[in-house]
K.L.:
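Here it is, the structure, as structure tokens.
Residues take their numbers from the sequence shown, with the count starting at 1. Note that this is a predicted model, so its numbers are computed, not measured.
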Amino acid sequence: MTFLRGKKQRVRFVRRAVAGHDRPNNQQIEQPELCSQGRSDTLDEIFESLFPFVLPGKTASMIPDLFTTLPPIRDLLHTGSSQVQDETIQECLPFLSGLKLDIECNEHGIPHLDRKKHITFLHHSLRNLPAPFVAADASRPWFFYWALSGLVAMGEDVSQYRERLISTLAPIQNSGGGFGGGNGQMSHLAPTYAVILSLIIVGGAEALDIIDRKAMWKWLGALKQPDGGFQMCVGGEEDIRGAYIAAVIITLLNLPLQLSKESLFWSREATLLTNLPEWISRCQTYEGGVSSRPDAEAHGAYAFCALACLSILDDPHIIIPEYLDVPCLISWLSARQYAPEGGFSGRTNKLVDGCYSHWVGGCWPLIEACLDGPSISSGDHLSAPLTSVGHLYSREGLIRYILCCCQEQSKRGGLRDKPSHNSDSYHTCYVLAGLSSAQHKWHFNTSATKTESSGMLTAAYQWTSDPILEYSQIFDEEDRVNTWHPIFAIPEGASERARSHFESKGGF
Ligand code: FPP
Ligand code: K
Ligand code: ZN
């Protein structure tokens, strides 16, 4: 896996975003003049071949046209970007309409989550891997996190991995704080995040207590920058992944907020959080999205980092509008969902990809909580917010993309970017996280009787979820996956247990 950016062409391309406005089933829409001019022959052929939808035993009548027909508005400008976009639509339409699905679909044209195969795929990803995986050596902790979180989401018990995990991870911790990607590698925030989440998922004091919290706290002090952000490793790049991961570590491990004396920028007033939300604010771009650092290109993964980091620092409805232009961000996020594919792209003029079901999809519960305001609890009673914005994106579109286009159908199993790509554990994890998020509604709760909070950075522990139940639910109930925490992206409940464990220790 790489975090490097690919080249792309900057051209205007009119897309149909589907946020929140699914048309009723089988309602025909006028195809504007424009579209026939811009459409290639091959797409016309595909388009034709997709009618009629009803093939005996295979396809269903209840697939809205939105997901089986070409976008009504297309740009006349042909570029490399519009070409690969057309190819992606061609690639996805036969899966969305059921023509290329090997397994039976329900009456909404949606196949089951092939749980058994995906579970086997993730278990296998934790065994010995073939030689080419040497290139991913520095990402080993990520492989643990992707597999463990995915397995728990699908109902598997992962305690069998606890001992192996401890003996593998303990030696990659450095005495100066933090974890490297493997033996002898310098500490870096990305593997450190994956290590901490993995240990929290398997849980238990023996696992949690391998983390040297005091050294971790000192190391975070060394990564803190005077402009408010964090470097990923000492002397390395300062980006918004660092801001999010540092906040995750501080809150989950219940670390003190003050800077260690070793910090280059130590002062009596400065803390690990000084200027952090201000720095995040500087990462919002002219497009409305969020970039890896100030003055770069907006990408969905970074929007999630920004929203989740802010939601660790304070209640989402208070802090998000304070530091981000919410209407502009919503406009940019809405443009990430494409029709007919139903999935999300990571950035302007680029393609849908299953992993953005989490990076972009995971932004929506935080935005919804920001707009809804808190649910108020008084004793056992939880009252919903007075108003609710409801669904801000097409949950149906995302679920269709995931279940129709992202499941590897061969016996290999696992989930993928798009049909032309192989499954891998990264996509399996984040596609499932997106599916879970589309199937549940998250609430941010505050107490009617505000008590003195017991510790620091408590906002992340005030979330609860409800399954979304609909009269005409498009997926089968057995295909609902367990919930992921909306900020930490680990199974619901695990972060609360870890936080209490570290809180009970008092100091280090
Ligand atoms: C572009 O790749 C991808 C990025 C610019 C950022 C990816 C970052 C993450 C997925 C996670 C970051 C967060 C944490 C917490 C580690 P691409 O050009 O291959 O894909 P694209 O065409 O979809 O943009
Ligand atoms: K991608
Ligand atoms: Zn991807």
Side-chain angles (χ1 to χ4, degrees), residues 112-113 115 118-119 122 145-159 193 196-203 244 248 251-252 304 307-308 311-312 316 344 354-370 372 374-375 377 382 384-385 388 390-393 395-396 398-399 401-403 406 415 425 427-445 458-470 473-500:
H112 279 298
L113 179 70
R115 212 178 267 266
H118 304 325
I119 287 173
L122 288 181
Y145 161 67
W146 296 327
L148 295 170
S149 60
L151 285 167
V152 175
M154 291 186 290
E156 287 284 285
D157 173 16
V158 294
S159 56
Y193 167 80
I196 293 174
L197 297 188
S198 301
L199 291 169
I200 291 178
I201 294 169
V202 298
Y244 164 62
V248 166
T251 185
L252 282 175
F304 178 79
L307 289 167
S311 303
I312 290 170
F344 297 124
C355 66
Y356 301 136
S357 307
H358 166 70
W359 295 115
V360 175
C363 290
W364 288 117
L366 306 177
I367 291 282
E368 285 170 5
C370 160
D372 281 349
S375 303
S377 77
L382 201 62
S388 168
H391 304 308
L392 289 180
Y393 69 103
R395 288 179 140 91
E396 166 165 1
L398 183 62
I399 292 171
Y401 183 68
I402 290 174
L403 291 175
C406 294
L415 294 121
S425 56
H427 285 91
T428 304
C429 167
Y430 291 121
V431 171
L432 288 170
L435 178 60
S436 172
S437 171
Q439 293 170 328
H440 296 86
K441 173 79 185 173
W442 283 93
H443 309 278
F444 180 81
N445 309 299
T458 52
Y461 309 93
Q462 292 168 225
W463 294 85
T464 52
S465 68
D466 286 323
I468 296 175
L469 299 165
E470 277 165 336
Q473 182 169 297
I474 57 163
F475 61 94
D476 294 299
E477 196 48 41
E478 64 189 271
D479 300 328
R480 196 185 289 277
V481 294
N482 293 337
T483 45
W484 249 272
H485 190 283
I487 289 162
F488 303 119
I490 52 176
E492 189 176 4
S495 48
E496 289 77 2
R497 287 192 292 278
R499 165 79 180 206
S500 332

K.L.:
For T251, which residues count as a side-chain hydrogen bond (donor to acceptor under 3.5 Å, both in side chains) partner, sequence neighbours excluded?
P.N.:
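T251 satisfies side-chain hydrogen bond (donor to acceptor under 3.5 Å, both in side chains) with Y461, R499 once adjacent residues are dropped.
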
K.L.:
Can you name the residues that form a side-chain hydrogen bond (donor to acceptor under 3.5 Å, both in side chains) with E368, not counting sequence neighbours?
P.N.:
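Testing E368 for side-chain hydrogen bond (donor to acceptor under 3.5 Å, both in side chains), a comparison that skips the adjacent residues, returns R395, K441.
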
K.L.:
Within this structure, what is the OH-CZ distance for the pair Y244 and F488, rounded to the nearest 0.5 Å?
P.N.:
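Rounded to the nearest 0.5 Å, the OH-CZ separation comes out at 7.5 Å.
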
K.L.:
If you measure from CD1 on I474 to CD on E396, what distance do you get to the nearest 0.5 Å?
P.N.:
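Result: 4.5 Å between the selected atoms.
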
K.L.:
For V431 versus C406, what's the shortest heavy-atom pair and its separation?
P.N.:
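V431 and C406 have their closest heavy atoms at CG1-CB, 4.1 Å.
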
K.L.:
So how far is it from I490 CD1 to W484 CH2, rounded to the nearest 0.5 Å?
P.N.:
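Here the rounded value is 11.0 Å.
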
K.L.:
Give the table of side-chain donor-acceptor pairs shorter than 3.5 Å for residues 432-439, with sequence neighbours excluded, one pair per line with atom names and distance.
P.N.:
unit_1 : atom_1 : unit_2 : atom_2 : d
S436   : OG     : N482   : O      : 2.9
Q439   : OE1    : V481   : N      : 3.0
Q439   : NE2    : D479   : O      : 3.0

K.L.:
Which residues satisfy the side-chain contact (heavy atoms from CB on, under 4.5 Å) test with C370, sequence neighbours excluded?
P.N.:
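If we apply the side-chain contact (heavy atoms from CB on, under 4.5 Å) test to C370, skipping adjacent residues, the hits are I320, P321, V326.
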
K.L.:
Apply the test side chain to side chain contact (heavy atoms under 4.5 Å, CB included) to residues F444 and D372: give CA-CA distance (whole Å), side-chain angles for both, the deciding distance (0.1 Å), then the verdict.
P.N.:
CA-CA 9 Å; F444 180 81; D372 281 349; over 6 Å; no

K.L.:
Donor-acceptor pair, D157 side chain versus S159 backbone, under 3.5 Å?
P.N.:
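Such a contact is found between D157 side chain and S159 backbone.
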
K.L.:
Side-chain contact, heavy-atom cut-off 4.5 Å: Y401 with F344?
P.N.:
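No, their side chains stay 4.5 Å or more apart.
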
K.L.:
Measure the spacing between CD1 of I399 and OG of S357 and express it to the nearest 0.5 Å.
P.N.:
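Rounded to the nearest 0.5 Å, the CD1-OG separation comes to 10.5 Å.
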
K.L.:
Please name all residues satisfying side-chain contact (heavy atoms from CB on, under 4.5 Å) with S375, sequence neighbours left out, ordered by chain then number.
P.N.:
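S375 satisfies side-chain contact (heavy atoms from CB on, under 4.5 Å) with L382, P385, H443, N445 only.
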
K.L.:
Quick one, L469 and R480 - any side-chain contact, counting heavy atoms below 4.5 Å?
P.N.:
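A side-chain contact exists here, since the closest heavy-atom pair is under 4.5 Å.
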
K.L.:
How close do H427 and L415 get, counting heavy atoms only, and between which atoms?
P.N.:
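Here H427 and L415 meet closest at CB-O, 3.5 Å.
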
K.L.:
Is any side-chain heavy atom of W463 closer than 4.5 Å to one of L366?
P.N.:
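With C-beta onward as the side chain, the pair touches.
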
K.L.:
Which donor-acceptor pairs under 3.5 Å do the side chains of residues 147-155 make with protein atoms, sequence neighbours left out?
P.N.:
unit_1 : atom_1 : unit_2 : atom_2 : d
S149   : OG     : Y145   : O      : 2.8
S149   : OG     : W146   : O      : 3.4

K.L.:
Without swapping roles, check the side chain of H485 against the backbone of A460 for a donor-acceptor pair under 3.5 Å.
P.N.:
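Checked: pair present.
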
K.L.:
Once you measure the plane-to-plane angle for W359 and Y430, does it fall in the parallel (<30°), tilted (30-60°) or perpendicular (>60°) bin?
P.N.:
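Ring orientation, 0 to 90° scale: tilted.
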
K.L.:
Roughly how far apart are F475 CZ and L403 CG, rounded to 0.5 Å?
P.N.:
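Spacing of CZ (F475) from CG (L403) equals 8.5 Å.
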
K.L.:
Measure the spacing between CG of L122 and OG1 of T428 and express it to the nearest 0.5 Å.
P.N.:
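Here the rounded value is 5.0 Å.
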
